Amino acid sequence: MKTARSIRGMTDILPEEVGCYQLVESVFRDILHRYGYDEIRLPMVEYAELFKRSIGSETDIVEKEMYTFLDRSDELLCLRPEGTAGCVRAVVQNGLINQGSIKKLWYMGPMFRYERPQRGRQRQFNQMGVEVFGEESTEVELEILLLCDRIWRNLNIEDLVQLEINTIGDLDSRKSYVTSLTSYLQKYSDDLDDDSKRRLSTNPLRILDSKDDKTQKILSNAPNFTDFVDHKSRGHFEKLCNSLEGLGIPYNVNPALVRGLDYYNRTVFEWTTKELGAQGTICGGGRYDGLVEKFSNKSSAAVGCAFGIERLVMLTRSLSSQENQLSSVADIYIIAVGEEARMMAIRCAENIRSEIPSWRVLQNLGAGSIKSQLKRANKSDSKIAIIIGPEEVASKCVTLKFLRDDLEQESVVESQLISRLKDI
RNA sequence: GUGGCCGUAGCUCAUCAGGUAGAGCACCGGAUUGUGGCUCCGGAGGUAGUGGGUUCAAGACCCAUCGGCCACCCCA
């Protein structure tokens with residue numbers, strides 16, 4: 001059946017996997033709460049223009065990865081490819097940033113990018129994100145990195161991740177570096193690989209990432225980005241690095257780390273892992289002091305980052321263990337044979353659910369012999385089966401059968417059931 | 001968008017000089033009357049991703065298409 005198929009790259013998260021998601025999400029929620037961040041819930045659809053202006057129209061995301069469409073009023077909309085732009089929009093629109101005060105927010109939800117799916121990459125994927133508005137000191141970066149580190153530790157993946165960090169200076173220093181780099185590379189343009197040739201005119205900074213040996217050779221004599229970073233940014237970065245050292249957070253300065261979104265300035269960082277194949281970034285972010293003023297007559301410093309939930313789930317799962325954390329184990333399975341018994345069974349089930357809320361009570365749905373119902377009870381992993389048939393109806397008793405322990409089954413008067421169960 | 005590998009029962013896979021498909025697990029039922037787990041017996045379940053082509057004959061060969069995986073690209 002062709003129609004019973006999900007869209008490419010948009011996968012179902014099956015019941016057996018949901019436990020892992022809930023675990024990752026609850027760790028995130030808990031830690032963000034403890035650091036004093038508030039949740040904000042944002043729409044999945046925004047004006048396409050929002051992303052063009054914030055992420056940058058020359059970027060891959062905007063150029064070829066957005067789900068863009070016209071709605072019935074001919075408005076050009078798109079499915080959000082990331083969370084920061086929408087968060088900035090919301091913060092400006094709702095007047096959440098006041099001069100001189102700091103706003104700390106987090107959000108969670110699906111993002112959409114039209115890319116070829118592969119390990120760790122889907123067209124619909126889930127992110128958790130953090131944004132802090134209104135403070136330009138390195139303390140913000142530091143707090144976010146500390147909070148990341150705490151998340152890794154809570155998920156027991158701290159040994160599997162590394163922090164890569166860099167500064168890309170302010171807008172002016174980036175501009176002058178780009179002109180310098182471009183004019184240098186222009187001289188060798190014939191020897192560059194095809195991708196890099198193309199990027200020479202679109203996004204020269206990206207050439208630094210080229211995997212081509214010849215291109216890398218050319219780059220070895222290219223002007224150094226570090227020399228172009230403005231003094232303030234450099235100082236900012238050094239201060240951050242010193243603080244990280246002081247706090248014992250290992251990091252690696254990666255001069256080639258240039259993020260693919262235009263809104264960043266100064267600090268950029270990525271937490272990566274080698275466990276996930278080619279898509280090793282589990283969290284990426286940085287500072288974007290200039291973005292708010294693009295949508296507002298005010299300006300505000302800002303830092304943020306986003307976590308890939310699927311990738312974190314894969315990572316925590318690659319550690320084995322906690323799979324099926326919240327899988328379908330039950331406490332009680334109720335078996336009924338006959339119409340009157342069924343009514344009695346429902347009564348008992350509801351009664352237990354009211355009186356012992358922490359228990360998971362399954363009731364056999366549909367008919368079946370006692371034997372087949374007991375088989376199901378066994379498969380449900382229930383500890384106890386309650387059997388109710390004509391005999392039980394007649395005697396106003398229920399039969400308790402212990403499925404995991406070597407105990408005699410017993411008969412309990414219906415009115416005594418709860419107190420008997422509470423003793424177990 | 002590009003490249004490599006792959007697509008047979010719910011799942012994992014076999015079948016392969018091309019002659020209209022099998023196993024294990026799972027599922028359902030039974031082994032004397034209302035009792036699970038172990039064992040034994042039986043049953044159901046596949047137009048071999050889809051569409052063309054080659055052939056007397058194709059799951060097996062060719063082409064296309066869709067999908068999956070992995071990589072490039074880029075990123076979470």
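Chain letters run A, B, ... following the sequence lines, proteins first, then strands; residues in each count from 1. Fair warning: this is a prediction, and the values are worked out from it, not measured in the lab. Scope of the values below: all heavy atoms of this structure, side chains included, with no hydrogens, waters or symmetry mates.
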A/R119 vs A/Y264, nearer the 5' end of RNA chain B by closest nucleotide: A/R119

Given RNA chain B, 5'-ward residue of the pair A/E392 and A/I282, judged by closest heavy atom: A/E392

Base, sugar-phosphate or nothing for [X]? Non-hydrogen atoms, less than 4.0 Å.
X      : value
A/Q122 : base
A/G129 : nothing
A/S369 : nothing
A/K375 : sugar-phosphate
A/R376 : nothing
A/G9   : sugar-phosphate

Whole-Å distance between [N] [atom2] and [X] [atom1]?
X      : N     : atom1 : atom2 : value
A/L276 : B/C69 : CG    : C1'   : 15 Å
A/I7   : B/G67 : CD1   : C1'   : 12 Å
A/K379 : B/G36 : NZ    : P     : 13 Å
A/I335 : B/U35 : CD1   : C1'   : 8 Å
A/L407 : B/U35 : CG    : P     : 20 Å
A/I386 : B/U35 : CD1   : P     : 19 Å
A/R8   : B/G7  : CZ    : P     : 17 Å
A/Q118 : B/C5  : CD    : P     : 17 Å

Using the [atom1] atom as the point on both nucleotides, what is the distance between [M] and [N], in whole Å?
N     : M     : atom1 : answer
B/G59 : B/G52 : P     : 13 Å
B/U54 : B/U15 : P     : 28 Å
B/G10 : B/G42 : P     : 23 Å

G-U wobble or Watson-Crick pairing nucleotide for B/C61 (cut-off 3.5 Å, both distances): B/G53

Complementary nucleotide of B/U39, counting Watson-Crick and G-U pairs under 3.5 Å: B/A31

Side chains of A/Y288 and A/N265, donor plus acceptor under 3.5 Å: no

A/R89 and A/Q93 side chains, donor-acceptor separation under 3.5 Å: yes

Face-to-face stacking of A/F307 with B/A76, centres under 5.5 angstrom, angle under 30°: no

Test of ring centre spacing under 6.0 Å for A/Y35 and A/W106: no

